[in-house]
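For reference, the structure discussed in these notes is given below.
Below, chain A is the first sequence line, B the second, and so on; all start at residue 1. If you're wondering where the values come from, they're calculated on a predicted model, not measured in any experiment.
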Amino acid sequence: MNASPRPDDSPNAADPKNAADSSGGDDSNPNPDKAHRHFIRQAIDSDLASGRFDAVRTRFPPEPNGYLHIGHAKSICLNFGLAKDLGGTCNLRFDDTNPSKEDTEYVDSIQEDVRWLGFQWDNLHFASDYFEQLYQWAEKLVTDGHAYVCDLTAEQTREYRGTLTEAGRESPGRSNTPEENLDLLRRMKAGEFPDGAKTLRAKIDMANPNINLRDPVMYRIAHVPHHRTGDQWCIYPMYDWAHGQSDSIEKITFSICTLEFEHHRPLYDWYCDKLEIHHPRQIEFARLNITYTVMSKRKLLQLVQEKHVSGWDDPRMPTIVGLRRRGYTPESIRAFCADIGVAKFNSTIDVVRLENAVREHLNDVAPRRMAVLDPVKLTITNWDEHGSPVEMMSAVNNPGDESAGSREIPFSGSLWIERDDFKEEAPRKFFRLKKGGAVRLRAGYIVDCHDVVKDADGNVIEILCTYDPQTKSGEDTSGRKVKGTIHWVSCEHAAEVTVRNYDRLFSVENPDSVAEGKTFLDHLNPDSLSTTTAFVEPALREAKVGDRVQFERLGYYVVDQDSRDDEMVFNRIVGLRDTWAKIASKDGGGQANANSPANAKGKGKGQANCKGQGNGKGNNNDKGKKQS
RNA sequence: UACCCCGUGGUGUAAUUGGCAACACAGCUGGUUUUGGUCCAGCCAUUCUAGGUUCGAGUCCUAGCGGGGUAGCCA
């Protein structure tokens, strides 16, 4: 039951008030007693207080059959976080009991993802390391009359199991003697039988209303090489037979998993009881669902295999590698996981909370830069008066953080500005540039627009302005006030880069909710990626892969790994909050900028209304996919 | 229609375990601002329903309603 004696020198270790709460790394919580303790934390505190356990040992147990996603991040933060907060340990264990689906590719990526998220496991284990011990225990169960070898085919097994409303029937093998079963089991192990010919089953209760207890299969025969044990084994343990026992071997105290395993708990307990081994407590929580995405490994795999995305690390994927490439920071993902809480209620988190988490972090740390995604030329017709063709302007890197310093940006008489930022005839509340109006060029001068040049089709191709020499940013002696400030880049000095503006992968809140004959793929958002060429300020030439910046007034961007010296690629991580888009779409039916090709801030589709469809609470059609 | 779990603002999570329903996000108002960003202030709930216990119920009891899960030799 317990692994080590209770530390007498810390009598209050189990007292909630004394347990250090270092979640998020702040020990400065002004009122630790008030800190929220989710139900798992409460259960742990209670078990520690009662002496049921004397330490916190958790584990994160992924199956290496796919890439980790944001749902796993919730579990990782929970398991590693609990261990950290309570001075315990957390192992990384690969649940590699089904060699036909698993691969070392996933073993490697999972470790990388856990580390990237900022966690370090105490021990690295594989369920396959325990195969011999598991087998010895199986022989013990057989000898004790608690398990038997069954000859039923897979189909027969299903028939014999009964249904949700009817009891099952007993397998003929149930009446074998322990001696017969032992002999059969050894021959199974020795490879005497073909795949599927026999199984080892626990002898429990074919009439139990909990189907998991109707003589569950412990071993199946599969002559399949294992990525770690090679061809050493031809029988492989089932999840229920491997998982709890692996927990027990590692002296795990709290085996935290997702809700689908709730009705496996009686079986988990049964094995530990019959074996009389260290008995961890299994506690289940609700897995994470997020709007506008899917979370099942099967569906993510399908998206990859059918090339709806560029790979597991496509920036639109909810995978950890995808989020990383998208530009999300580990800090923001951890903050998100802390923010959403832990409970048993099957909920769906609004994706804006994830977006908000990364915005919040990047607002603090991302240096500001100027970039024009949908350019139109602005010419300063009186620039001659300035005397020199180029003037270096100083711009702060982060208005909220003085220590971030400033940089120099070349200003000239020929600039690119955002097409959205100009209108010949502007609506009442439009306070950017209009004909006859004035606007401040960020970190530059105030300009007055006096004319425009159009092409044959009537499109504005050049905006003609005069600048006001008295209004230089930081040295303004004019006393003029203008409502708008817009960003710009000097034509001559601009760097040309590729920008990938990512939007949500799906166009509906719950892609899993589909009409007859449709699949989640029918909900793919056709506009989830728009690529454009943009002009950016020269300072950006020095940005390295992985660097994150804020394109002022647009959003946060990261330098993608596809970048080369002669062609940089920026991924949009998330747009800035866009109050103007709201105003514009409210009065005037979105005339302001809803149809800009660059659609720099992702306004418009899908974003505005997260209510209405879907019935709100917990609708998740995905059947039991493990994520803990 | 078997068994298990869950129902607190638009969305999530709390409520000192029976004592003034709180926090965050979203939304709406307004303010500051050389980013329509950030920041600041304000507004936004008959705790699924009906009974019951109690001085007092989101919390306990009963019934109902609603949602989710479970019939792999997957995890």
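Set against B:G68, B:A15, B:U13, the side chain of A:N346 has B:G68 as its closest nucleotide. The listed nucleotides are B:C28, B:A2, B:U34; the one nearest the side chain of A:R440 is B:U34. Checking B:G36, B:U70, B:C73 against the side-chain heavy atoms of A:L164 singles out B:U70 as nearest. Comparing B:C25, B:G36, B:G72 against the side chain of A:R158 picks out B:G72 as the nearest. For A:L576, the side-chain atoms get nearest to B:G37 when compared with the rest of B:G37, B:U34, B:C73. Of the candidates B:G36, B:G37, B:A75, B:G36 carries the atom nearest the A:F431 side chain, counting heavy atoms from C-beta on. The side chain of A:R220 approaches B:C73 more closely than any other nucleotide in the set B:C73, B:U1, B:G36. You'll find that the side chain of A:I349 is closest to B:G12, out of B:G12, B:C74, B:C6. In this structure, of B:G36, B:U13, B:C25, it is B:G36 that holds the atom nearest to the side chain of A:R553.
No hydrogens or angles considered: nothing links the side chains of A:R334 and A:H361 as a donor-acceptor pair under 3.5 Å. Side-chain contact check for A:E155 and A:T153: no donor-acceptor pair (N or O, by modelled atom type) lies under 3.5 Å. A donor atom on one side chain and an acceptor atom on the other are not found under 3.5 Å apart for A:T291 and A:E509. Side-chain atoms of A:E284 and A:Q282 form a donor-acceptor pair, as typed in the model, at a separation below 3.5 Å. The closest side-chain donor-acceptor pair between A:H264 and A:D240 falls under 3.5 angstrom.
Atom P of B:A21 sits at a distance of 14 Å from the matching atom of B:U59, rounded to the whole Å. Comparing the P positions of B:C6 and B:A14 gives a spacing of 13 Å, expressed to the nearest Å. Nucleotides B:C25 and B:C39, compared at atom P, are 9 Å apart to the nearest Å. Spacing between B:G9 and B:G52 at atom C1', rounded to whole Å, works out to 28 Å. Using P as the reference atom, B:C48 and B:G67 are 16 Å apart when rounded to the nearest Å. Atom name C1', nucleotides B:G66 and B:U47: the rounded distance is 16 Å, in whole Å. Nucleotides B:A57 and B:U17, compared at atom C1', are 12 Å apart to the nearest Å. Comparing the P positions of B:A26 and B:A41 gives a spacing of 15 Å, expressed to the nearest Å.
Contact annotation for A:R161: backbone-only contact, meaning every heavy-atom pair under 4.0 Å involves sugar-phosphate atoms and none involves a base. Contact annotation for A:N98: backbone-only contact, meaning every heavy-atom pair under 4.0 Å involves sugar-phosphate atoms and none involves a base. No engagement by A:E166 is indicated, since no non-hydrogen atom pair under 4.0 Å with the nucleic acid exists. Among the atoms of the strands shown, base atoms are found under 4.0 Å from some heavy atom of A:L152. Nucleic acid contact for A:P237: sugar-phosphate only, since backbone atoms but no base atoms lie under 4.0 Å from a heavy atom of the residue. A:Q550 comes within 4.0 angstrom of a nucleotide base, judged by non-hydrogen atoms across all strands. A:K481 comes within 4.0 angstrom of nothing in the nucleic acid, heavy atoms only.
B:G72 has its base syn relative to the sugar, with a glycosidic angle deviating from 0 by at most 90°. A glycosidic torsion no more than 90° from 0 defines the syn conformation, and B:U17 adopts it.
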Please, what dot-bracket string fits RNA chain B when only Watson-Crick and G-U pairs with both distances under 3.5 Å count, crossing ones use [ ] and pairs to another strand use |? .((((((..((((.....[..)))).(((((.......)))))....(((((..]....))))))))))).....
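A cation-pi arrangement, defined by a distance under 6.0 Å to the six-membered ring centre and an angle within 45 degrees of its axis, is absent between A:R201 and A:Y148.
The interatomic distance linking A:L213 (CG) with B:C3 (C1') rounds to 11 Å, in whole Å. B:G72 atom C1' lies 13 Å from atom CD of A:E63, rounded to whole Å. We find that NE2 of A:H38 is positioned 18 Å from P of B:G12, with the value rounded to whole Å.
For A:R548, there are no side chain to side chain donor-acceptor pair (under 3.5 Å) partners at least two apart in sequence or on another chain.
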Would you please test A:T97 and A:H243 for side-chain contact (heavy atoms from CB on, under 4.5 Å) and show each step? CA-CA 9 Å; A:T97 58; A:H243 196 94; over 6 Å; no
Test ring-ring contact (aromatic ring centres under 6.0 Å, His included) on A:F261 and A:Y239; report intermediate values, then the result. CA-CA 11 Å; A:F261 295 99; A:Y239 166 82; 4.9 Å; yes
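Within residues 192-200 of chain A, the residues approaching RNA chain B are A:G196, A:T199, by heavy-atom distance under 4.0 Å.
Between A:Y67 and A:Y106, the distance separating the two ring centers is shorter than 6.0 angstrom.
An aromatic stack links A:W580 and the base of B:G36, using centre distance under 5.5 Å and interplanar angle under 30°.
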